[in-house]
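For reference, the structure discussed in these notes is given below.
Chain letters run A, B, ... following the sequence lines, proteins first, then strands; residues in each count from 1. Please read all numbers here as calculations on a predicted model, not as lab measurements. Just so it is clear, the values below take in all heavy atoms, side chains as well, and ignore hydrogens, waters and symmetry mates.
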Number of protein chains: 4
Amino acid sequence: MNVHSCKLRDGMKRTAKRDDIIKASLDLIAEHGFHGAPIALIAEKAGVGAGTIYRYFDSKDVLIAELYRELEEEIVSTLQEGCQEEKSVRDRYIFMCRKLLEYLITHPLNFRFMEQYFNSPYGISLRRDKIIGKRDERNAFERLFEEGISRQVLKDLPVYVLAALTFSPIVSLVRDHTLGLINLDGDVIAKSIDACWDGIKR
Amino acid sequence: MNVHSCKLRDGMKRTAKRDDIIKASLDLIAEHGFHGAPIALIAEKAGVGAGTIYRYFDSKDVLIAELYRELEEEIVSTLQEGCQEEKSVRDRYIFMCRKLLEYLITHPLNFRFMEQYFNSPYGISLRRDKIIGKRDERNAFERLFEEGISRQVLKDLPVYVLAALTFSPIVSLVRDHTLGLINLDGDVIAKSIDACWDGIKR
Amino acid sequence: MNVHSCKLRDGMKRTAKRDDIIKASLDLIAEHGFHGAPIALIAEKAGVGAGTIYRYFDSKDVLIAELYRELEEEIVSTLQEGCQEEKSVRDRYIFMCRKLLEYLITHPLNFRFMEQYFNSPYGISLRRDKIIGKRDERNAFERLFEEGISRQVLKDLPVYVLAALTFSPIVSLVRDHTLGLINLDGDVIAKSIDACWDGIKR
Amino acid sequence: MNVHSCKLRDGMKRTAKRDDIIKASLDLIAEHGFHGAPIALIAEKAGVGAGTIYRYFDSKDVLIAELYRELEEEIVSTLQEGCQEEKSVRDRYIFMCRKLLEYLITHPLNFRFMEQYFNSPYGISLRRDKIIGKRDERNAFERLFEEGISRQVLKDLPVYVLAALTFSPIVSLVRDHTLGLINLDGDVIAKSIDACWDGIKR
DNA sequence: GATGAATGAGCGTTCATTCAT
DNA sequence: CATGAATGAACGCTCATTCAT
């Protein structure tokens, strides 16, 4: 009941509404694509008026871009945590792949949104910035690839080839799993990741 | 001058117009996405009236689905031709991968359309019908995978995993190449395909 | 029933619909201002669908600009006809003023639209092109003013001052008349025009 | 600390805020038109909350109407001051015209707002209340016109005609001057006012 | 059969107004 | 009393689809 708690409540309420909108957008876009997520529906699902959305986001494009940015941040930080630098390149690769796969499988909405995003006009300008693609901000995977190449543990291929040999199969499997076309159990997952390693190791 | 010949002429005329419509749709969607391909523009580019399109396709969705089906047919038949059954599993794998890669790179419009299609509401219902996914109509790759597994040349993994380890990296590399982000020369292509083989071979 | 009449009918039909839209816009804007003329209302009053308007005009702005252009053309050509060049400057001035006044009074919708147009963002860029303002396309009044100045019949004032002394009072009187605030009979009209002449004559 | 002084303080505070709102509205509307003056922007510019505006004005329309009324009051009182009743009708006419012109030129925001106001739905219901139009509250100009008519110095025309011959040219010239289309120097101003006099004098 | 003018539902967005705090 | 977040009706505009010719 004091000023501090009031501020907290205000802050939370404002954030809560913004998050409702973000969440509703994620749900609708993940499930029905961009066409299936008109502002009116997002507003309804978020329990707000349509105009309210424009208090938090300048436009639908901005809303989607921010949603993407939040998800990207989450996934990047997830990948970076818990990796033990003292382990071998292979162990770290397996660890990170497993983590990525687990994240994608346990966050199917996030995954399906990212898929939609990358293959839409919204994401075209961000294509280069995909998980592995950024030149000026190497992520964990990319650093690992480079270390592996220089240690002569990995094939001497461009990093983007190693990335394609890693992420694409994982994403493809998760997609089919998420759509219910296949069922990824722990055994298949482990073997699939091992196979990825076989593909890139020297 | 009889009914039959009349039908033939009509049929040919209809087919020619139909193909114009299909081609115009392919061009526009590949280049500008679904948003950049309204029916009126497709009609104009195809040199037909907008209403005419509805004589050949029940709806825009059907038009797009048929376009997809035609492209799929073409790519499947391309992959199947010229493969020498007497060669080793590895040789046939390399041969077919190279063919697929060459096809995708030399048919960027087809490739870009397929990409758009898979990541849109249009493609969701057809996801199961992807190149390798059909249960009731095994294609060349799938047969090769099964042969390789039974000969103990390939890892004992579900076919869809072998498919993911093969097609996804190829598609990913072609995408980046088509978008101009990378440049796939013959050396990188050969090494990439070899790496795919390393991933699936026992 | 021949081809020619068919073409005529088509042409007329297309023109008729366009004219319906123009007329509905004129009526609504003249009576209720730009705010009182949303596209939906214009469409309803014109007896067409809202989308139809965009077959004839790229945007609402373009529709309004074309409406203005048509009215301007009509009024300019009205002013130019029947003026006898051999008469005195005064006679021609009186004649043209009377014609302008009569036109405005007998076309109150046109008049009210022009009033709205000039005092709106639409008309700002056309301000210089008002009846008397164009430098590169002198109209009848402007030519008359210049002749009168050089003949030393009119005061040696900038043309825009003579224009202001002529058009503004006329427009003002017509406005009040059109709004029903005053009633301009023939006698008042004649005397008012004479007074304008007294204002500009040397 | 009594109720009265409280009311006074409140009253002053309210008036100050009210004036801020009025001023912000004037600035925005004069500069950007009615479309460029949403309530939120007026509130921001006035340094008050959007809801606060509705404590002082029932609606945006009322706000604008009151703004108009204040400007009208100011201009009317400006015109009335300093006029020496003992001078001739002509001298007083020239004096008041010059004052009006000077006021309009030195108060371009007021002028531009009034212009916007008269040619908008807001102003239609107030048309009769224009500077010279009120029957029940004769202003200085109107009294001067009537005096001039009865003294047979001015033409025997309805007062509204004399008004049109006076105000309209002045307003028109000021508008073009304010818009930068022309430049009114002292000489042109003097001659223009003389011309107005020539128009109305007997 | 072929046409393309016409349609109107649906889109993203704005903004005068309200009301809980 | 003052606030500004929230609202939702209304806007200009698009485009898949229909249908009279």
Across the strands shown, which category fits C/Ile39 at heavy-atom distances under 4.0 angstrom: base, sugar-phosphate, nothing?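 It contacts sugar-phosphate atoms only.
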Shortest side-chain distance from [X], nucleotide among [options]:
X       : options               : result
D/Lys17 : E/dT13, E/dA16, F/dA2 : F/dA2
D/Lys60 : E/dA16, E/dT7, E/dT13 : E/dA16
B/Pro38 : E/dA5, E/dT13, F/dA16 : F/dA16

Within the structure, does a side-chain N or O atom of [X] lie under 4.0 Å from either OP1 or OP2 of [N]?
X       : N      : value
C/Tyr54 : F/dC15 : no
D/Arg55 : F/dC1  : no
B/Tyr56 : E/dA2  : yes
C/Thr52 : E/dA5  : no

Whom does F/dT14 pair with, Watson-Crick or G-U wobble, provided both distances fall under 3.5 Å? E/dA9
Please name the nucleotide paired to E/dG4 by Watson-Crick or G-U wobble geometry with both distances under 3.5 Å, or report none. F/dC19
Which residue, B/His35 or A/Gly47, contacts DNA chain F at a nucleotide closer to its 5' end, judged by nearest heavy atom?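 Taking each residue's closest nucleotide, the earlier one in sequence belongs to A/Gly47.
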5'-most contact on DNA chain F: B/Asp58 or A/Ala50, nearest heavy atom basis? A/Ala50
Please walk me through it: do C/His35 and D/His35 pass side-chain contact (heavy atoms from CB on, under 4.5 Å)? CA-CA 10 Å; C/His35 280 121; D/His35 280 123; 3.1 Å; yes
When you compare the side chain of B/Ile29 with that of B/Tyr117, does any pair of heavy atoms fall below 4.5 Å?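 Not touching, per the 4.5 Å side-chain cut-off.
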Are any of the side-chain heavy atoms of C/Phe113 and C/Ile64 separated by less than 4.5 Å? yes
What is the distance, rounded to the nearest whole Å, between atom [atom1] of [X] and atom [atom2] of [N]?
X       : N      : atom1 : atom2 : answer
A/Leu63 : E/dC11 : CG    : P     : 15 Å
D/Ile21 : E/dA16 : CD1   : C1'   : 15 Å
D/Glu44 : E/dC15 : CD    : P     : 13 Å
D/Leu28 : E/dC15 : CG    : P     : 12 Å
B/Ile64 : F/dA16 : CD1   : C1'   : 11 Å
A/Ile42 : E/dT13 : CD1   : P     : 10 Å
C/Phe34 : F/dC11 : CZ    : P     : 16 Å
B/Ile53 : F/dA16 : CD1   : P     : 9 Å

Tell me if the CD atom of C/Glu74 is crowded by more than 12 foreign heavy atoms within 6.0 Å.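 Count over threshold, so yes.
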Pair A/Lys23 + A/Asp27: basic N to acidic O under 4.0 Å: yes
